[in-house]
Each structure stands twice: as structure tokens, then as C-alpha cells.
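Encoded as C-alpha cells, the structure appears first; notes follow it.
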There are 2 protein chains.
Amino acid sequence: MEIKSDTEKLILEAARKVFTEKGLDGARMQEIADRANINKAMLHYYFRSKDKLFESVFKAAFNEFWPEITKSINESANVEDFLKRAISSYVDLFMDKPFLPIFILSEVNRTPDRLESLIREGGVNPHLIVEYLKEQMDLGKLKAMDPKELLVNVISLCIFPFAGKSLIERMIFQGDKESCESFLQERKKSIYEFLKPLIIANN
Amino acid sequence: MEIKSDTEKLILEAARKVFTEKGLDGARMQEIADRANINKAMLHYYFRSKDKLFESVFKAAFNEFWPEITKSINESANVEDFLKRAISSYVDLFMDKPFLPIFILSEVNRTPDRLESLIREGGVNPHLIVEYLKEQMDLGKLKAMDPKELLVNVISLCIFPFAGKSLIERMIFQGDKESCESFLQERKKSIYEFLKPLIIANN
DNA sequence: GTCTATAAAAGGATAGAC
DNA sequence: GTCTATCCTTTTATAGAC
């Protein structure tokens with residue numbers, strides 16, 4: 001990891017906010033400069049182009065997803081514990097960075113090729129989780145099913161309500177911000193409760 | 001419903017494709033014109049501005065979500081049937097229009113106010129579904145829980161895998177397009193199977 | 001490293017002929 | 001209604017002084 005100047009960090013933080021809120025196409029270099037309280041020319045001095053700057057932001061955002069799940073899988077005594085920890089840490093992450101899910105989803109959707117290099121270089125491997133779930137099923141700790149399907153379902157339950165927050169807030173909670181917010185916060189527990197029928201108790 | 005000229009329909013169809021694939025900010029009027037095999041000036045002749053054209057497309061896209069669910073709720077004999085039908089018709093819809101979910105999610109996220117008028121004028125009311133689910137719980141046909149939570153969970157399971165298709169294809173199916181596609185197609189059945197523990201059999 | 005000023009290009013919108 | 005040509009604003013990117 002190379003050393004980053006303070007200015008560089010300022011720019012990256014401002015760029016992170018603007019890009020995640022408005023997307024690559026909607027973001028303006030001027031706004032990034034303004035939020036970083038520096039000159040627009042500095043953005044090019046440090047990152048050459050808008051696209052290069054975006055690349056840095058996207059990479060950092062993408063990598064926010066993995067440390068938590070890796071930790072959860074390594075430090076958990078059993079599946080129950082694993083699910084509880086993983087769900088809880090993702091809900092925390094998205095409460096803190098509400099734009100993260102939709103940002104990644106929509107940029108990957110627009111330009112899927114951007115993923116390739118990140119997947120190769122990053123130490124990310126969802127297949128490990130699939131293997132883990134399969135093991136637990138074989139051990140009789142989880143109801144047997146396609147482990148990929150289970151993974152996708154858990155991810156869906158964790159991510160979608162945050163990606164669709166504005167929609168849910170207005171359509172299901174009739175615009176009541178507080179109710180919606182506490183509903184999302186509650187998902188830390190409720191997702192696990194919802195999944196409980198899948199878990200086979202030790203006895 | 002006013003009568004639309006052929007040209008107008010051509011423009012709307014081209015605009016639908018370009019906007020849903022690239023978003024409001026990423027779309028180019030030139031590309032819409034090209035795909036409609038028509039001059040750029042015509043776009044302005046028929047719709048005045050990019051934003052007005054977008055509005056038309058967005059409204060039509062948003063309204064694609066509701067007829068199915070309304071039909072499902074009215075024509076189903078019981079909850080089981082309702083869930084099966086609703087899930088199945090949404091999977092069909094998203095297989096056919098893969099960009100629809102992420103398009104709506106990201107545009108609503110960017111500009112939530114756009115929803116207000118659509119919700120008011122459109123005969124949309126998710127609250128009816130919440131009420132229906134609550135009734136079924138009271139009747140002992142569904143496991144008791146917060147009906148809003150159930151609704152959000154079902155929606156999550158139906159929509160997320162399509163919104164995150166590129167991500168899932170590359171990260172969970174290692175780039176195997178066909179496997180991913182058939183996995184998504186299978187969700188017509190598998191989502192319902194996954195939800196089965198919630199359903200209380202009649203006897 | 002940081003700034004001001006400006007080039008260069010893109011993209012939305014309009015005028016006016018047919 | 002449809003086209004070509006063009007205007008005008010926005011936005012990315014660079015040159016060059018300090």
C-alpha cells in the first residue's frame with residue numbers, strides 16, 4: 001500500500017460521496033472539487049481523468065463487502081452464529097453507507113467488465129461461502145438445498161431493502177421515514193428469524 | 001389514452017431501451033434517435049426535452065410492475081396460489097426485461113420525488129397487499145409475522161437476483177452465463193419452495 | 001503542489017428550409 | 001412532420017504562472 005498525501009485522501013473521500021450518490025455519469029468533477037475544498041485542476045493532477053478517479057472509488061467501494069464476511073466465516077462457532085454475524089455486519093454497513101448497494105449494483109450492471117480485474121486481484125471468493133454452506137448441509141446443520149440458492153437468498157434479504165429504500169419508504173411506509181428506518185435497523189434480527197426454519201438444531 | 005403516431009411509438013421504444021440500459025444521465029439523445037432510425041430534432045419535436053422524454057419512459061416502466069400483482073391477488077383462490085402466481089409472473093417479467101429492476105431502483109434512488117406524482121395518480125396501492133397478507137395470517141393460513149416484513153422479503157427474493165444479475169453471474173457462477181440464466185428461470189419454483197415453511201396447510 | 005484561465009469536445013436544444 | 005445546420009451551455013481536460 002503506497003502512502004497517500006492528505007490531498008489525495010480528501011479527493012478520494014469527496015469523490016466517494018459524489019460518485020456513490022450520483023453514479024459515474026451523473027457525477028461532476030466540479031462538485032467533487034468543491035466538496036474536497038480544492039481546485040478542479042487538482043483532480044487531474046492526482047488522478048489524470050474522471051474515469052481513473054472513478055476506478056479508484058469503485059475499487060474501494062467494492063472491497064468494502066468482503067472483510068466482514070471473511071471474518072464472520074472464520075470466527076463463528078457454528079452456522080447459526082455465522083448467519084447472525086454476517087447479517088448483522090451487513091446491516092450495519094448499509095445503515096452507515098446507504099448508497100453503497102445501489103451504487104455497486106448499477107455500475108456493475110452498466111459496465112460488467114469492470115468486475116473482472118477486481119475479482120482476479122482481490123482475495124474475494126464467494127465460492128468459499130458456497131462450500132461452507134454445503135458442508136453444513138452435509139453435516140445436517142442446515143436444511144438441504146442448493147447452496148448457491150441459499151447464498152443468493154440471504155444476500156437478497158440483506159441487500160435489497162437497502163437498495164430499494166426510497167421505494168419501500170414511500171410505497172410501503174407511506175413516506176414515514178422513521179418507521180422505515182427502524183424497520184431496516186430491525187432487520188439485523190428479523191432476517192435471521194425469517195431464516196430460522198432452515199436451521200436444524202443440535203441435540 | 002390519446003392516440004400516438006407511429007413515430008412517437010418508435011421514439012418511445014428506442015428511448016425505453018436506451019434509458020433503461022444507461023440511465024437518465026448516461027443516455028444520449030443521439031443514440032435514441034439512431035436506434036429509432038430518426039432525426040435528433042424529432043425527439044424535441046415530440047417530447048420537447050430529454051427530461052420530458054425520460055418522464056414518459058419512466059412512468060411506463062414503473063407501471064409495468066402493478067397489473068400482474070393486482071391480477072394475482074384478485075384471481076387466486078388462496079395464499080398459496082397467490083404467491084405462486086405473483087412470483088411466477090414477476091420472474092417472467094424480469095426475464096423478459098432484465099434492465100427494468102435496476103433502472104427503477106437507481107432512478108428512484110437518485111430522484112425520489114419522481115415517485116410522488118406516479119403514486120398519487122396511478123391506481124397503485126401496496127397497502128392492499130399488506131392487508132391481504134395480514135388477513136391470511138389472522139385466518140391461520142400464514143405464519144404470523146409483520147406483514148410488511150413478509151412483503152419486503154418476498155419482493156427481495158423476486159427482484160434482487162435480477163437486479164444483481166451481472167454480479168451473481170460473475171461471482172457465484174464464475175461467468176457461466178447459461179447456468180446463471182437457468183438458475184434465474186428456476187426461481188419461478190424455488191422462491192415458492194423456499195417460502196413454504198410460512199404457509200400453513202389447510203386440513 | 002496549487003492556482004487561474006482557457007482549450008476542446010460533447011451534448012441538448014432550436015431555427016428554418018422543405 | 002421531417003430534415004440539416006447551427007447555436008449555446010456544460011463539462012472534461014490542459015497549459016502555464018506562482
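Residue numbers begin at 1 in each chain, while the letters A, B, ... track the order of the sequences.
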Salt bridge present between B:D81 and B:R85 (N-O < 4.0 angstrom): no

Taking the basic N atoms (NZ, or NE/NH1/NH2) and the acidic carboxylate oxygens, is any pair closer than 4.0 Å for B:E68 and B:K71? no

Over 60° means perpendicular and under 30° means parallel, so classify the ring planes of B:F54 and B:F58, tilted if in between. parallel

Distance check needed: C:dG11 P versus B:K50 NZ, whole Å only. 9 Å

Decide, yes or no, whether a salt bridge links A:R35 with A:E31 under the criterion of side-chain N to carboxylate O below 4.0 Å. yes

Is any side-chain heavy atom of B:Q136 less than 4.5 Å from a side-chain heavy atom of B:F82? no

Just the endpoints, please: which first and last nucleotides of DNA chain D, 5' to 3', lie under 4.0 Å from a heavy atom of chain B? D:dG1 to D:dT4

Rounding to an integer number of Å, can you tell me how far B:M42 CE sits from C:dG12 C1'? 17 Å

With a 4.0 Å heavy-atom cut-off, tell me which residues in residues 18-41 of chain B come close to DNA chain C, sorted by residue number. B:A27, B:R28, B:M29, B:K40, B:A41

Looking at side-chain heavy atoms only, is the closest gap between B:R28 and B:V18 below 4.5 Å? no

Carboxylate-amine/guanidinium proximity below 4.0 Å for A:R114 and A:E55: yes

Nearest 0.5 Å, what's the OG-CD distance between B:S106 and A:E107? 9.0 Å

Touch check for A:T7, heavy atoms < 4.0 angstrom, all strands: base, sugar-phosphate only, or nothing? sugar-phosphate

Nearest whole Å is fine: how far is C:dT14 P from B:Y46 OH? 17 Å

